[in-house]
Amino acid sequence: MRTAILGPAQRAEALARMAERELDILVVGAGVVGAGTALDAATRGLSTGLVEARDWASGTSSRSSKLIHGGLRYLEMLDFALVREALKERGLLLERLAPHLVKPVPFLYPLQHKGWERWYAGSGVALYDAMSVSSGHGRGLPVHRHLSHKRALQVAPCLKKDALVGALQYYDAQMDDARYVATMVRTAAAYGAQVANRARVVGFLREGERVVGVRVEDVEGGGDYEIRAQQIVNATGVWTDDTQALIGERGQFHVRASKGIHLVVPKDRIHSTSGLILRTEKSVLFVIPWGRHWIVGTTDTDWDLDKAHPAASSADIDYLLEHVNDVLATPLTRDDVEGVYAGLRPLLAGESDATSKLSREHTVAHPVPGLVVVAGGKYTTYRVMAKDAVDEAVHALDQRVADCVTEDVPLVGAEGYRALWNARARIAARTGLHVARIEHLLNRYGSLTEELLELVVADPSLGEPLAHADDYLRAEAVYACTHEGARHLDDVLTRRTRISIETFDRGTRSAREVAELIAPALGWDSDQVEKEIAHYQKRVEAERESQRQPDDLTADAARLGAPDIVPL
């Protein structure tokens, strides 16, 4: 299979091609569900387009807890079907679809009551493991184990001795959510989908009651396109209602946004060899291993303000610190926090006033001819959501369409990954890079690492780490723009890498080096480089200011103090 390259020229060509002739399927929104829908449609042999108003995964799908999990807490809600489905998908991702991107991660669940709690929680985790194995795709993860008080403190010395009487340890999985989506978009393009980011749908084309296409604004170069398709899939997540409003249809359901915030702290602030899962009065709190860092999250509160840039308030940050410090022997402070990010969950409204109890099930509807809407769900089950959306769309196509095959379609970079992993020491010797660097690249790009190493061969300076974010090579910034569709400095620092949340300066010290590296690939002159740097710095300052505000309203106002679009 050829590897799709998503550079500036390919984006322009994709927009032109989508406007040339009617597509079978056009997907609006390139979060995980939209990208998955485009991949599903393209691999059924359908002519497919994908447009995204901003960047791949720039909304919810880059701001999650970065977990691929069955949803252990949904067992307690007796939602066995959702858990079973998610555990099957977790196994598929680990074993077949994306072993280079999805990795096992252990979690420790501290027990606070003797006797009954070990039996109660242990039964739930045992059922979780059993459902995983019965799915046929769960044998790659270790089963849970019971730990004594002493053994639990050996695994997680960070815990207060009186915070637990023992513990359970079980396994789930994690990934870099934004990287996963970008990789899936490239996979869809490799199977023939035409894809374009920074292409905003501003209206729908109709013939009578039927939706027959969209009007798209090229946010980058200006100009408008009319893109026609037999079926359009609205996969815009928390923007579902807004997108529906463009055709005067709210649809058959309503999507509410629930805000979840996360803190990123350095690895040395929490001494543990395992992640942690803690109960709070409202939900659960995760402490998740993340390279040389920990992610602490999340909150679960209603949000009805700006959807593009949900803001974390001072109260949100205090909430997380207070709850994680309940169990930590050495408490975290504000000074320990490297990064903060906030995301919005798209929840189907109508079942509960509390967002923490709204459904994570998904719904597919066909509100008007020519338009399918998919909403709800959770990251782990994106493939099932995509399948259901395309199944609904093809009912209205005047052709015989193949069944979904994405259960057997690995993402680009998966094929050959394990062989390259076994050869990582030899690759390191050949390239002159440390073996730890090769491991880093393989776990981000899989077998596509060879493409990135070709850049280093052509320009050895790209094999050096970034000066103020040395987890990443200079080549990775360039590759983000030449191969992965990054169009702006923010795309590189926030989503293609995670420099914006993994450094105390939030990426501001890396901004100039990265901007100058990517300028040739994007055709920037020196004035545009300065605009990109200034825009990024204003964004970071607005986020910092929002995190000093006491509540959502003031935090939102502070965050909106930065411009949304980089001037060209």
Side-chain angles (χ1 to χ4, degrees), residues 31 54 57-67 176-178 237-239 256-266 269-270 278 280-288 290 293-325 331-347 355-356 379 490 493-495 498-508 536-564:
R54 296 161 66 213
S58 56
T60 302
S61 296
S62 61
R63 307 177 190 186
S64 73
S65 296
K66 323 221 181 297
L67 293 176
D176 181 330
D177 47 9
V238 294
W239 286 273
R256 270 174 69 182
S258 166
K259 183 178 72 170
I261 82 144
H262 297 80
L263 310 179
V264 183
V265 301
R269 302 304 198 271
I270 300 175
L278 311 167
T280 72
E281 69 276 9
K282 297 178 182 177
S283 184
V284 294
L285 188 72
F286 287 101
V287 179
I288 305 162
W290 181 253
H293 317 268
W294 296 96
I295 293 174
V296 181
T298 180
T299 57
D300 199 341
T301 55
D302 205 11
W303 179 265
D304 58 5
L305 301 168
D306 181 66
K307 295 186 182 76
H309 305 291
S313 68
S314 180
D316 291 327
I317 295 169
D318 287 342
Y319 173 87
L320 289 182
L321 290 175
E322 176 187 345
H323 281 81
V324 75
N325 286 339
L332 298 175
T333 70
R334 288 286 186 111
D335 292 339
D336 295 318
V337 177
E338 292 174 289
V340 181
Y341 65 93
L344 301 177
R345 306 174 189 87
L347 303 178
T355 57
S356 61
Y379 200 112
D490 179 65
L493 294 176
T494 305
R495 285 172 292 278
R498 292 306 190 152
I499 294 170
S500 67
I501 58 172
E502 293 176 347
T503 57
F504 279 104
D505 62 86
R506 310 280 173 95
T508 54
Y536 184 78
Q537 290 172 336
K538 287 176 182 175
R539 195 211 86 175
V540 171
E541 182 47 47
E543 287 182 350
R544 287 188 185 276
E545 183 60 29
S546 70
Q547 291 155 21
R548 292 190 279 264
Q549 302 307 309
D551 54 42
D552 283 352
L553 204 59
T554 53
D556 179 66
R559 176 60 186 87
L560 293 179
D564 189 33

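The structure presented is a predicted model; accordingly, all values stated were derived computationally and were not measured.
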Criterion side-chain contact (heavy atoms from CB on, under 4.5 Å) on Q547 and I317, from CA distance to verdict: CA-CA 8 Å; Q547 291 155 21; I317 295 169; 3.7 Å; yes
Which pair of heavy atoms, one from [X] and one from [Y], lies closest together, and at what distance?
X	Y	result
A555	A312	CB-O, 4.3 Å
A542	A558	CB-O, 3.7 Å
R498	W290	CG-CZ2, 4.0 Å
K307	P310	O-CD, 3.4 Å
S62	A57	OG-O, 2.6 Å
G237	P346	C-CB, 3.9 Å

So how far is it from [X] [atom1] to [Y] [atom2], rounded to the nearest 0.5 Å?
X	Y	atom1	atom2	result
Y379	L67	OH	CG	11.5 Å
L344	T301	CG	OG1	9.0 Å
H293	I270	NE2	CD1	12.5 Å
S61	R495	OG	CZ	11.5 Å
I295	K66	CD1	NZ	5.5 Å
Y536	S500	OH	OG	4.5 Å

Y341 side chain to S64 backbone, donor-acceptor under 3.5 Å: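 Confirmed, Y341 side chain pairs with S64 backbone.
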So if I apply the side-chain contact (heavy atoms from CB on, under 4.5 Å) rule between [X] and each of [options], which one comes out positive?
X	options	result
L263	D336, L321, L332	L321
T298	R345, K259, R63	R345
R506	E541, Q537, R544	R544

Worked check of side-chain contact (heavy atoms from CB on, under 4.5 Å) between H262 and F286: CA-CA 9 Å; H262 297 80; F286 287 101; over 6 Å; no
Intermediate values then yes/no, side-chain contact (heavy atoms from CB on, under 4.5 Å), T60 and D177: CA-CA 9 Å; T60 302; D177 47 9; over 6 Å; no
D304 vs D552 side-chain heavy atoms within contact, under 4.5 Å: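 No; the side chains remain at least 4.5 Å from each other.
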Heavy-atom side-chain proximity of R559 to S313 below 4.5 angstrom: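 Side-chain contact under 4.5 Å: no.
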Kindly write out the residues that satisfy side-chain contact (heavy atoms from CB on, under 4.5 Å) with [X], not counting sequence neighbours, or none if the list is empty.
X	answer
D306	A308, H309, D556, L560
T299	I261, Y319, L320
T503	A469, I499, D505
P266	D268, R269, E338, F504

Partners passing side chain to side chain donor-acceptor pair (under 3.5 Å) against T494 (at least two apart in sequence or in another chain):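 With neighbours one apart ignored, the set is D490, R539.
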Partner residues of N325 under the side chain to side chain donor-acceptor pair (under 3.5 Å) criterion, sequence neighbours left out: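 Partners of N325 under the side chain to side chain donor-acceptor pair (under 3.5 Å) test: none.
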